[in-house]
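Below: the structure, in structure tokens.
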2 protein chains.
Amino acid sequence: MVDGIRRGRMDADEARRRVLDAAERLFYARGIQAVGMDEVRDAAGVSLKRLYQCYASKDALVGAYLEHRDLRWNAALADHVGRVADPRERVLAVFEFLSEWFRTADFRGCAFINAFGELGPASPPVAAAARGHKGALRARLRALAAEAGAADPDLLADQLLLLTEGAIVAAAMGTADRPAERARSAAKALLDAATMSDQPLSARRPG
Amino acid sequence: MVDGIRRGRMDADEARRRVLDAAERLFYARGIQAVGMDEVRDAAGVSLKRLYQCYASKDALVGAYLEHRDLRWNAALADHVGRVADPRERVLAVFEFLSEWFRTADFRGCAFINAFGELGPASPPVAAAARGHKGALRARLRALAAEAGAADPDLLADQLLLLTEGAIVAAAMGTADRPAERARSAAKALLDAATMSDQPLSARRPG
DNA sequence: ACGTCGAGAGAACGATCGTTCTCGTTGTCG
DNA sequence: CGACAACGAGAACGATCGTTCTCTCGACGT
């Protein structure tokens, strides 16, 4: 009974991983409400009983999906930005990351924007996860803006955040051509404007 | 028999109007999948039979909802921009329109982004409506950019579109402070950058 | 006034979905 | 070898939802 854990626990971890992988793929590709637990079970190759042992409810699975997605996405962005040294280029690297992301075969927008639009008002946990994800992104953009020498890092961070979210939405809906490149060009212009460091921004404005 | 149409058609139009009003309010506030036909019936104050006489299915009602929303939103934006004469100010008026919109009590993001995130892949009509709406917005921004003298109106239009969509998303999720004002400041900088070849920055006057 | 048509209210139906339960099997340990 | 716990497969259950059907009643034309 005690040692039953030996193999049981290994299998349980494996099952959890497969369930979460399947859920992430399906929820992201087709939306949360459109995917039933039966489909997750099929894709994960486990039994329903096992599925509910791993995640006690669909809500719990959705929470784990968003949490995992947040970790992966943040790590991928950090990795991409981390390869660049120049502070200004680090800001623009965010948009090169977006460009690569948009080209991935299964790209379907931001999981958090989608989940928020789908369940936001009806599901406080989903809303909180979405806000947390975007809050972390804003914090990262603010840090990059400050390192790049922006006169007002909060302002530039918000502007970059708007460009990022807009590019993601436009890429998902196909409403703009090469949205990442357009966002990058806009970010460059805003970065220039924010770091005309030693004079014009303040000199240009009267009192 | 012919005249039976007289009163019948009046009531039918009235019922259609009330059904569409109720559906628009409910779908926008809580999402499409979260609102059942029974609830639309209650809010509209008609019978289910009448409801299905007005709109043959929920899909048809969703289509009418998006179409009506598109008309109203475009008209409101056109009205707001139309009150401004200066070409550069007309571009920025878009973001003042957003600012007012975001402050309305029932604001809950862009109906088309929400609907697309909710049903996009599963519902081609919804996806088409969303793309049509954003396509019209992009065309309007392109025209404004051209009138304002942008060197590359397509580039500026896309950049402004990204700012607009980003501001809407950020406003809906509450991830940025005063997103409309931030988007406006970014738009101004981009507008400056896009029209600098004609006139130097020093010749510009802040609005 | 009477028969007919259509409207309203809501029951009913079929499908779907989240969740639980049953049952037959298997693998393990004493 | 035999009991027992856990597992897989899938039926079952209760709820919800889109849609249709039934029943009753009131309004209109002749």
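Source: prediction; values computed, not measured. The chains referred to below are lettered A, B, ... by the order of the sequence lines, with proteins before strands, and numbering in each begins at 1.
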With a 3.5 Å cut-off and sequence neighbours excluded, list the donor-acceptor pairs that the side chains of residues 107-114 of chain B form with protein atoms.
from	atom 1	to	atom 2	distance (Å)
B:R108	NH1	B:Y28	O	2.5
B:R108	NH1	B:A29	O	2.8
B:N114	ND2	B:R108	O	2.9
B:N114	ND2	B:C110	O	3.4

Exercise for the section: To the nearest Å, give me how far apart NZ (A:K49) and C1' (D:dA5) are. Expected result: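 It works out to 10 Å between those atoms.
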Problem - Spacing of A:R50 atom CZ relative to D:dA9 atom P, expressed in whole Å - result: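 So the two atoms are 11 Å apart, to the nearest Å.
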Is there any side-chain hydrogen bond (donor to acceptor under 3.5 Å, both in side chains) pair reaching into [range], and which pairs are they, with sequence neighbours excluded?
range	result
residues 75-86 of chain A	A:D79-A:R83
residues 37-48 of chain A	A:R30-A:E39
residues 120-140 of chain A	A:D70-A:H133, A:K134-A:E165, A:R138-A:D154, A:R138-A:D158

Problem - Contact list for DNA chain C against residues 52-65 of chain A - heavy-atom distance below 4.0 Å - result: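 Contacts with DNA chain C under 4.0 Å: A:Y52, A:S57, A:K58.
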Problem - With sequence neighbours excluded, residues passing side-chain hydrogen bond (donor to acceptor under 3.5 Å, both in side chains) with B:E96 - result: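 In terms of side-chain hydrogen bond (donor to acceptor under 3.5 Å, both in side chains), with neighbours along the sequence ignored, B:E96 is linked to B:R184.
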Exercise for the section: Hey, could you give me each pair passing ring pair (Phe, Tyr, Trp, His ring centres under 6.0 Å) that has a residue in residues 171-196 of chain A? Not counting sequence neighbours. Expected result: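 Not a single pair qualifies under ring pair (Phe, Tyr, Trp, His ring centres under 6.0 Å).
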Problem - Shortest side-chain distance from A:L48, nucleotide among D:dC23, D:dC7, D:dA11 - result: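 Looking only at heavy atoms from C-beta outward on A:L48, the closest nucleotide is D:dA11.
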Practice task
Name every residue in residues 30-45 of chain B that has at least one heavy atom under 4.0 Å from any atom of DNA chain D, in order of residue number, or write none if there are no such residues.
Solution key: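 Of all residues in residues 30-45 of chain B, the ones placing a heavy atom under 4.0 Å from DNA chain D are B:V35, B:G36, B:M37.
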Exercise for the section: With sequence neighbours left out, write down each residue that passes salt bridge (charged side-chain N to carboxylate O under 4.0 Å, His left out) with B:E67, or none if nothing qualifies. Expected result: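 Once residues adjacent in sequence are excluded, B:E67 has no partner under the salt bridge (charged side-chain N to carboxylate O under 4.0 Å, His left out) criterion.
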Handout entry: Interatomic distance, B:R142 atom CZ to B:L155 atom CG [nearest 0.5 angstrom]
Key =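 Spacing of CZ (B:R142) from CG (B:L155) equals 11.5 Å.
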